[in-house]
Amino acid sequence: MDKEKVAEILTEIGTLLELKGENPFKTRAYSNAARTLEGLAEPLEKLVAEQRLGELKGFGEALVEKITTLVTTGKLPYYEELKASVPPGLVEMLRIPGLGPKKVKKMHDELGVDTVEKLEAACQAGQVAALDGFGEKTQAKILEGIQFSRTYASKHHLSQALVVAEPVLESLRGHPDVIRCSTAGSVRRFKEVIGDIDFLVSSKKPAAVIEFFTSQPGILNVSAKGETKASVILTGGIQADLRVVSDAEYPFALAYFTGSKEHNIVMRQRAIARGLRLNEYGLFKSTEETRDPKLLVPCKTEEDIFQTLDLPYIPPELREDHGEFTAGEKDELPRLIEWTDLRGSLHNHSNWSDGRDTLEAIAAHMAELGCDYWAITDHSRASFQANGLDPARLRQQLKAVATVNKTYADEGSDFRLLTGTEVDVLKERLDFDDDLLAELDVVVASLHVAGSDEADNTKRLIRAAENPFVHMIGHLTGRLLLERDAQKLNQHAVIDACAATGTWIELNANPYRFDMDWRLWQYAKGKGVKCVINCDAHRLEHAGFLRLGAGIARKGWLTKDDVINTLPLAKLKKELGKKRGTGGQP
DNA sequence: GCCGTTTTCGGCCCGACTGTTTTCAGTCG
């Protein structure tokens, strides 16, 4: 059993224990352990085999035993029994906004409610409002919550959030009573999937700002409106929260609401260790609860807060408690890539396969954007649903690309299209022979039709990496965020193979993919594997994915030097030739 | 369930909001 599955089970145990009314610190121990596993750099099997699980922080006797059982036998009787003792409907009820374990438990114990449907019926019958500690409003809110969770999925793609958040932010920035403003939360941290959008504003007139915010165009519904906080539902069903604070509080609130929760916990612990107390209002020279301005450590910006806690500035993308504190203390935080470092994309499509635009239109658009190069890597023959090219059409396309490039050369422009393919990784071989691949500038190898056997999928990709003409592996897992899970695959094994063969790995910047996952880049980087941030563009406007991809690369701790397509054309060409020059036949 | 320079017990991050209450519990971020 792999660590994702183990982590999932630990999280579920935590939830089930909560529903049973267990000690909250016990339940937290399980979810903390799950999180630690998710961020693990090495294979869980290895840790278990070497009996080093107990070295992880937060892993005591009980957890080590349970995880070892899970990994070695694939089962855990404790979990099975626990699961059997809690109706599955209760877990589902937890997802309804406003419902937590205590309320769910009470309704189950006293009303026998064990599904969302029964809950809805109990609310409609007025039974919920009659319970001790419940009332009419709670009941109405639950009904509303049920409706909401049915109407809108609670998670959204980052790109979707940015599209609605950025105009609101611009609008706030232009308001005369707004001093400083920013997004916060997972949007600012650039998480690939977000729950809601947080805005933070500093102002002397909070009421005016809140009024302005709640009357923005594109707001479907105002769900809360107080003196310092408002919640609305934006177009597309995304919830957005606004907090308004004083300008003195702004840096503290910004750090606090940016999170992550795990990052903040460590920040507060660092404050405590220095005899200070950190919250969203300030950093105070006291261990008692206080808001006394005389005790405030003056900080004008987030940088000042980090400095007081003996840390360099930690960019929002890194605030996941994924090693930023250890690195910060040693002054080893990387200088992260900027999206403007990127010179082009090495995996894109044209109307020769399933893209929308012509080679000429693509070249004109990308040159205009200021790119140095743009690779045309249409699908290979096996992807017939995507109008994949056979060898003859691909050779035709090479000529067409050469013609386009000649017009740029004649005009004295340095922009170039690069030839290439996104070659399918088939069961026993690649979709094109080596001699054809050798004619191309750029070869991306992608697994489009994976099997159900993890070992087999992994082997196929490793074989692709071993081919001297394959420059990079495209969208490693084939996942579609919020739609389709990753293919069964040993990603670490593929990364290791890429490291051994000098093969690059794509960070597919399509916001539905963001594949390979940002959590694995630190591992890959440690092995010396280079990243290529690719748009996988099927339309001109997909060039904008470069910015998103760079943000995800930042989350993966990558620098300009870690990413191949930050190189200018001449140096890129040299890198493209390296594997072929030194690699042998697979 | 975990942890330890207050070390084998008694803590475990912190505060706002909501709704139910009249001093607080539950939920959320």
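To find a chain, count down the sequence lines: A is the first, B the second, and so on, and within it residues start at 1.
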Taking C-beta and beyond as the side chain, do A/L47 and A/K3 meet within less than 4.5 Å on heavy atoms?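 Result no, sub-4.5 Å side-chain heavy-atom pair not found.
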Partners meeting salt bridge (Lys or Arg N to Asp or Glu O under 4.0 Å) with A/E8 (sequence neighbours left out): A/K5
I'd like to check the salt bridge (Lys or Arg N to Asp or Glu O under 4.0 Å) partners of A/K204; sequence neighbours left out, ordered by chain and number. none
Under 3.5 Å, side-chain donor or acceptor atoms of residues 61-71 of chain A against the rest of the protein: list the pairs with distances, not counting sequence neighbours.
residue, atom, partner, partner atom, Å
A/K66, NZ, A/Y30, OH, 3.2
A/T68, OG1, A/V64, O, 2.6
A/T69, OG1, A/E65, O, 2.8

Which part of the nucleic acid does A/E61 contact within heavy-atom distance under 4.0 Å: base, sugar-phosphate only, or nothing?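 Contact class for A/E61: sugar-phosphate only.
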Contact class for A/K105 vs. all strands (heavy atom < 4.0 Å): base, sugar-phosphate, or nothing? nothing
Among all residues two or more places apart in sequence or in another chain, which pass the side chain to side chain contact (heavy atoms under 4.5 Å, CB included) test with [X]?
X	value
A/T308	A/L276, A/L283, A/V297, A/C299
A/E249	A/V245, A/S246, A/Y281
A/S182	A/R188, A/Y250, A/L254

Interatomic distance at [atom1], [N] relative to [M], whole Å:
N	M	atom1	answer
B/dC28	B/dT22	P	24 Å
B/dT27	B/dT21	P	15 Å
B/dG15	B/dG10	C1'	23 Å
B/dT23	B/dC17	C1'	16 Å
B/dT20	B/dG26	C1'	10 Å
B/dC12	B/dT6	C1'	15 Å

Give, ordered by number, those residues of residues 294-323 of chain A having at least one heavy-atom distance below 4.0 Å to an atom of DNA chain B; if nothing qualifies, reply none.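 Those residues: none at all.
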Between A/R277 and A/V64, just flag the one whose closest nucleotide in DNA chain B comes earlier from the 5' side.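 The residue closer to the strand's 5' end, by nearest nucleotide, is A/V64.
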Using a distance-only test with no angle check, is there a side-chain donor-acceptor pair under 3.5 angstrom linking A/S223 and A/Q239?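 Looking only at side-chain atoms, A/Q239 and A/S223 do not form any donor-acceptor pair under 3.5 Å.
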Exercise: do A/E262 and A/S260 side chains pair donor with acceptor under 3.5 Å: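 There is such a pair between these side chains.
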Interatomic distance where [atom1] belongs to [X] and [atom2] belongs to [N] [whole Å]:
X	N	atom1	atom2	value
A/L16	B/dG1	CG	C1'	16 Å
A/L76	B/dG1	CG	P	11 Å
A/L82	B/dG1	CG	P	11 Å

Under the ring pair (Phe, Tyr, Trp, His ring centres under 6.0 Å) rule, what pairs show up with a residue in residues 289-326 of chain A, not counting sequence neighbours? A/H263-A/F325, A/F306-A/Y313, A/H322-A/W518
Write out all pairs satisfying ring pair (Phe, Tyr, Trp, His ring centres under 6.0 Å) with one or both partners inside residues 181-225 of chain A, taking only residues at least two apart or from two chains.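 Counting only pairs at least two positions apart or across chains, the ring pair (Phe, Tyr, Trp, His ring centres under 6.0 Å) contacts touching residues 181-225 of chain A are A/H175-A/F212, A/F199-A/F213.
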Got a sec, which pairs hit side chain to side chain donor-acceptor pair (under 3.5 Å) with one end in residues 100-109 of chain A, sequence neighbours left out? A/K105-A/D109, A/K106-A/E110
With both distances under 3.5 angstrom, what nucleotide forms a Watson-Crick or G-U wobble pair with B/dT8?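 Across any shown strand, B/dT8 pairs with none.
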Looking at B/dG15, I'd like to know if its phosphate oxygens (OP1 or OP2) sit under 4.0 Å from a side-chain N or O belonging to A/N279. yes
Sequence-aligned protein contact record of nucleotides 17-29 of chain B, with B where the base is within under 4.0 Å of a protein heavy atom and S where only the sugar-phosphate is: S-SS-----SSSB
Protein-nucleotides 10-12 of chain B N/O pairs under 3.5 Å:
none

